[in-house]
Every structure is written in structure tokens, then in C-alpha cells.
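Take a look at the structure below.
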Amino acid sequence: MGAKKLDRDLLNRIREKFEAGYNLYDLANENFLNYDTLKNISSQEGWQKNSRVEAIRIAEINLESEKNAKTRQTVKNKYKSITNNLRAELVGQSKKGITEDRDKAEAILKSIQAVGELYKIDKDLHNIMNSKEEADIQQKRLKNQKLKEDLLQDDKPPHIT
């Protein structure tokens with residue numbers, strides 16, 4: 001009776017997990033395989049433990065960055081809307097004549113100051129940057145992309161669990 005032929009898809013899934021840092025012994029037990037058989041296959045095919053960990057970490061950072069960028073854009077849009085409304089109200093007041101309703105004009109000016117202070121707080125809290133700072137971050141992202149491409153020379157997408 002000949003040796004049992006292992007499914008290539010199963011071996012590819014095991015290899016991805018092994019390269020992501022899983023223990024070969026645990027993978028053999030999980031998939032009901034002989035440890036020595038799996039060890040021989042991994043040696044013959046040149047599997048390297050943790051070879052994808054850095055690529056996975058970079059992918060996770062990129063996902064988190066995208067999420068944070070959406071949050072920052074939402075905050076920026078909120079303040080743009082508030083600022084536009086206050087500006088329109090202030091312009092409307094100046095057309096009427098500020099002396100007519102001095103209290104309302106003063107309230108609008110205090111609102112503008114409060115919005116400015118709140119924006120400073122939210123800017124720090126949500127790491128909102130100006131265009132130069134964003135360009136620096138984009139340059140760092142490009143460097144990270146190059147690093148990721150160097151780590152994934154075999155064109156396999158990182159497996160994130």
C-alpha cells in the first residue's frame with residue numbers, strides 16, 4: 001500500500017499559518033498529520049517560520065491607518081460645516097448691521113472662538129494634519145509599501161487571522 005497523497009490546498013493553508021508564526025507541531029495535530037511528515041515537507045519546500053509576520057503587521061497597520069483617516073476626515077468635515085454655518089450667520093449679521101443685534105453678533109464671535117478651541121483639541125485627539133504633514137506620511141506609506149513588496153516576493157497576499 002502506497003503513501004497517502006497530501007492535498008496541496010491543505011499544505012498551502014498550513015504553510016501560510018506556519019509562515020505567519022504558528023507552531024508546526026500544533027499545525028500537524030490540528031490537521032491530523034504526522035509531525036515528521038509535515039516537517040519533511042516544510043524542509044524540502046523551504047518553509048520559513050514567521051516570514052510573513054512583518055508583512056501581516058504592515059497590512060494591519062495599513063487597515064488601522066485607513067480607519068483613522070476616515071475618522072479624521074469626518075471630524076474635518078464636521079468642523080468645515082460648523083465654520084461655514086457660523087461664517088454665513090456672521091455675514092448675515094454684518095449685512096443687517098451689527099449694531100442692531102449686538103448680543104447676537106457677540107454670541108456668534110464667542111461661538112467661533114469656542115469652535116476654534118474645540119478644533120485644536122480634536123486636531124490633537126484625532127491627529128489631524130496639514131498638507132505638508134500628510135505628504136510626509138504619504139512618503140512613509142510608500143516606503144512601507146516597498147518593504148511589503150520586498151517581503152512578499154512570491155505575490156501571495158498576507159493571511160490575516
Side-chain angles (χ1 to χ4, degrees), residues 1-89 111-161:
M1 184 164 187
K4 179 179 157 186
K5 182 86 170 154
L6 291 175
D7 180 31
R8 181 44 56 187
D9 289 335
L10 174 64
L11 287 176
N12 288 340
R13 286 193 302 271
I14 292 171
R15 180 180 183 163
E16 284 181 4
K17 286 184 175 183
F18 180 71
E19 290 177 347
Y22 285 80
N23 187 310
L24 198 58
Y25 183 78
D26 293 337
L27 292 170
N29 284 337
E30 178 183 313
N31 293 286
F32 305 104
L33 299 172
N34 183 301
Y35 170 74
D36 291 329
T37 303
L38 197 55
K39 184 177 178 185
N40 287 338
I41 292 170
S42 70
S43 295
Q44 289 172 357
E45 294 183 4
W47 297 3
Q48 293 185 5
K49 188 172 185 175
N50 295 325
S51 63
R52 293 184 175 262
V53 170
E54 189 65 22
I56 291 169
R57 187 183 71 77
I58 290 170
E60 289 173 343
I61 288 171
N62 284 339
L63 289 173
E64 189 65 27
S65 294
E66 289 173 12
K67 179 182 160 192
N68 289 339
K70 288 178 184 176
T71 302
R72 283 192 297 273
Q73 192 58 43
T74 302
V75 170
K76 285 169 81 173
N77 289 340
K78 178 181 82 171
Y79 279 101
K80 282 181 184 178
S81 174
I82 291 171
T83 303
N84 287 337
N85 291 340
L86 286 172
R87 183 177 292 135
E89 203 170 324
S111 295
I112 291 170
Q113 291 172 344
V115 168
E117 291 301 315
L118 287 173
Y119 184 71
K120 287 178 187 175
I121 292 168
D122 274 343
K123 186 175 179 181
D124 290 339
L125 182 65
H126 296 288
N127 197 23
I128 297 172
M129 298 173 272
N130 62 32
S131 57
K132 182 187 179 308
E133 294 166 332
E134 287 177 355
D136 291 342
I137 293 294
Q138 183 63 27
Q139 188 175 19
K140 288 178 184 176
R141 280 192 191 124
L142 292 173
K143 287 179 184 176
N144 283 341
Q145 182 66 29
K146 172 99 172 84
L147 175 63
K148 185 170 94 172
E149 289 169 1
D150 291 345
L151 288 171
L152 294 175
Q153 292 174 359
D154 56 352
D155 293 332
K156 287 184 181 177
H159 179 70
I160 300 175
T161 57

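Not measured: the values here are computed from a predicted model.
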Worksheet item: With sequence neighbours left out, what residues match D122 under side chain to side chain donor-acceptor pair (under 3.5 Å)?
Response: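 Expected list: Y79.
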How close do [X] and [Y] get, heavy atom to heavy atom, and via which atoms?
| X | Y | result |
| --- | --- | --- |
| L24 | S42 | CD2-OG, 3.6 Å |
| S65 | R141 | CB-NH2, 4.2 Å |
| Q48 | F18 | C-CE2, 3.8 Å |

[X] atom [atom1], neighbour heavy-atom count above 12 within 6.0 Å:
| X | atom1 | value |
| --- | --- | --- |
| K49 | NZ | yes |
| E45 | CD | yes |
| R87 | CZ | no |
| K120 | NZ | no |

Worksheet item: Is K76 paired with E134 through a side-chain N to carboxylate O contact shorter than 4.0 Å?
Response: yes
Worksheet item: Going by an N to O cut-off under 4.0 Å, is there a salt bridge joining K132 and D136?
Response: yes
Fill in: Check against side chain to side chain contact (heavy atoms under 4.5 Å, CB included), Y119 and I82
CA-CA 11 Å; Y119 184 71; I82 291 171; over 6 Å; no
Worksheet item: Checking N31 side chain against L33 main chain: does a donor-acceptor pair fall under 3.5 Å?
Response: no
Practice prompt. Taking S43 for its side chain and K39 for its backbone only, find out whether a donor-acceptor pair lies under 3.5 Å.
Written response: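 Here the side-chain-to-backbone pair exists.
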Discussion item. Working note: E89 + N85, criterion side chain to side chain donor-acceptor pair (under 3.5 Å); need CA distance, chi angles, decisive distance, verdict.
Written reply: CA-CA 6 Å; E89 203 170 324; N85 291 340; over 6 Å; no
Got a second to check how far [X]'s [atom1] is from [Y]'s [atom2], nearest 0.5 Å?
| X | Y | atom1 | atom2 | result |
| --- | --- | --- | --- | --- |
| N68 | I61 | CG | CD1 | 11.5 Å |
| D26 | K17 | CG | NZ | 10.5 Å |
| R13 | D9 | CZ | CG | 6.0 Å |

Practice prompt. Evaluate side chain to side chain contact (heavy atoms under 4.5 Å, CB included) for I14 paired with Y22, printing each intermediate quantity in order.
Written response: CA-CA 9 Å; I14 292 171; Y22 285 80; over 6 Å; no
Worksheet item: Should L147 and K143 be marked as a side chain to side chain contact (heavy atoms under 4.5 Å, CB included) after you check the CA-CA gap, both sets of side-chain angles, and the distance that decides it?
Response: CA-CA 6 Å; L147 175 63; K143 287 179 184 176; over 6 Å; no
Worksheet item: Using a distance-only test with no angle check, is there a side-chain donor-acceptor pair under 3.5 angstrom linking N12 and E16?
Response: no
Item to complete: For side chain to side chain contact (heavy atoms under 4.5 Å, CB included), just list the numbers for L38 and L11, CA-CA rounded to whole Å, side-chain angles, deciding distance to a tenth of an Å, and then say yes or no.
Response: CA-CA 9 Å; L38 197 55; L11 287 176; 4.0 Å; yes
